[in-house]
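Everything on this sheet refers to the single structure shown next.
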Amino acid sequence: MMRALDEKDFDYDSNEEETEFNYDPNGEKGPAQWGRIHPEWGACSNGSMQSPIDLMSDSVDVVSHTWRIQRSYKPANATLRNRGHDMMLKWEGGAGSIEINGTEYVLLQCHWHSPSEHTIHGKRLPLEAHMVHASLDGEVAVVGIMYMIGGPDSFLTSLQSVAGANEQDTVVGVVDPRNIKMGSMYYYSYIGSLTTPPCTENVLWAIAGKVSTATREQVRLLRVAVHDESDTNARPTQPINSRAVKILIPQVKDDV
């Protein structure tokens, strides 16, 4: 059974922790070195179920399944946090939950990677959102949403209108996660890991097949707000190691 997770698995609050890793491919703190920085980060180097992956690689066995998914999200107070390596929206006490095949996962936070971390046939999109959920026994489920350049995303617009680019924490007030456009006719799903240290494994991934849109400026603002001096916060794709990627057709019920 997966160990229970605490907030440190999802949140890097101190200035020291913010600078302990980065995305410089040739740097001492870059992705290739993450597993050597701390013993508890070892899975970043030696894990067998790491994320992200190429969702449509030739080595992926794609199968179709129907799954039951019920969204019971609710508005809750939230803080927009500049973690140095990304921007994270964190809800106080969770913002409702999502139930996948009978397991309930509470929505804890959402953050963004640019370009996308997951690839499709080796191609990255400009932006990827990760909605991070956890069950009472510590199991983690992440819903991923990819974005291409196009019309503005209304949820990002609402956040960026109140966020101070130079502030570490911005109290946003009540935020309704139901305003995040995540509906899709199908999802890519597989078992992977967190994509930042400690790279904890046995994470259930569900990535929307429908691509959303955001403007070039919205993507740019998510990058310039952080202070890691990098033009990316996307981890390189990881070996699939015989894992199956499923195409899931959701039977969705929204409890609103």
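Side chains are part of it too, since the values below use all heavy atoms of this structure and drop only hydrogens, waters and symmetry mates. The chain is numbered in sequence order, starting from 1.
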For R124 versus P236, what's the shortest heavy-atom pair and its separation?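 Scanning both residues, the minimum pair turns out to be NH2-CA, 3.5 Å.
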
Interatomic distance, [X] atom [atom1] to [Y] atom [atom2] [nearest 0.5 angstrom]:
X: L248; Y: S189; atom1: CG; atom2: OG; answer: 4.5 Å
X: L156; Y: L222; atom1: CG; atom2: CG; answer: 5.5 Å
X: T195; Y: E128; atom1: OG1; atom2: CD; answer: 7.5 Å

Do side-chain atoms of [X] reach the backbone of [Y] as a donor and acceptor pair under 3.5 angstrom?
X: W34; Y: K29; value: yes
X: R243; Y: P239; value: yes
X: E92; Y: A76; value: no
X: N82; Y: M87; value: no
X: H121; Y: M56; value: yes
X: E99; Y: S97; value: no
X: S184; Y: Y187; value: no
X: T79; Y: K90; value: no
X: T170; Y: V172; value: no
X: Q218; Y: T215; value: yes

Would D54 and T237 count as having a side-chain donor-acceptor pair, cut-off 3.5 Å?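 Not at all, the side chains of D54 and T237 share no donor-acceptor pair under 3.5 Å.
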
Classify the side-chain pair Q109/R81 by whether it contains a donor and acceptor separated by less than 3.5 Å.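 Their side chains do not contain a donor-acceptor pair, so the 3.5 Å distance test is not met.
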
Does the separation of the ring centres of Y73 and W91 fall below 6.0 angstrom?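 Between Y73 and W91, the centre distance exceeds or equals 6.0 Å.
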
Audit row: R235, Q50, side-chain hydrogen bond (donor to acceptor under 3.5 Å, both in side chains) steps and yes/no: CA-CA 11 Å; R235 186 188 191 191; Q50 289 292 290; 2.9 Å; yes

Apply side-chain hydrogen bond (donor to acceptor under 3.5 Å, both in side chains) to the pair Y190 and S51, showing each step before the final yes or no. CA-CA 10 Å; Y190 74 101; S51 297; 2.7 Å; yes

Criterion side chain to side chain contact (heavy atoms under 4.5 Å, CB included) on M49 and S193, from CA distance to verdict: CA-CA 6 Å; M49 297 187 295; S193 73; 5.9 Å; no

Any chance you could lay out the side chain to side chain contact (heavy atoms under 4.5 Å, CB included) test for M146 and L127, step after step, and finish with the verdict? CA-CA 6 Å; M146 292 189 178; L127 184 67; over 6 Å; no

Above 12 or not: heavy atoms from other molecules or residues under 6.0 Å from CD of E28?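 Counting other residues, nucleotides and ligands, CD of E28 stays at 12 neighbours or fewer.
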
Salt bridge (charged side-chain N to carboxylate O under 4.0 Å, His left out) involving E217 - partner list, sequence neighbours excluded: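 E217 satisfies salt bridge (charged side-chain N to carboxylate O under 4.0 Å, His left out) with R220 only.
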
Same hydrophobic cluster for L108 and V174, using side-chain heavy-atom links shorter than 4.5 Å among ILVMFWY?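 No, because L108 and V174 fall into different hydrophobic clusters, even though each may have its own neighbours under 4.5 Å.
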
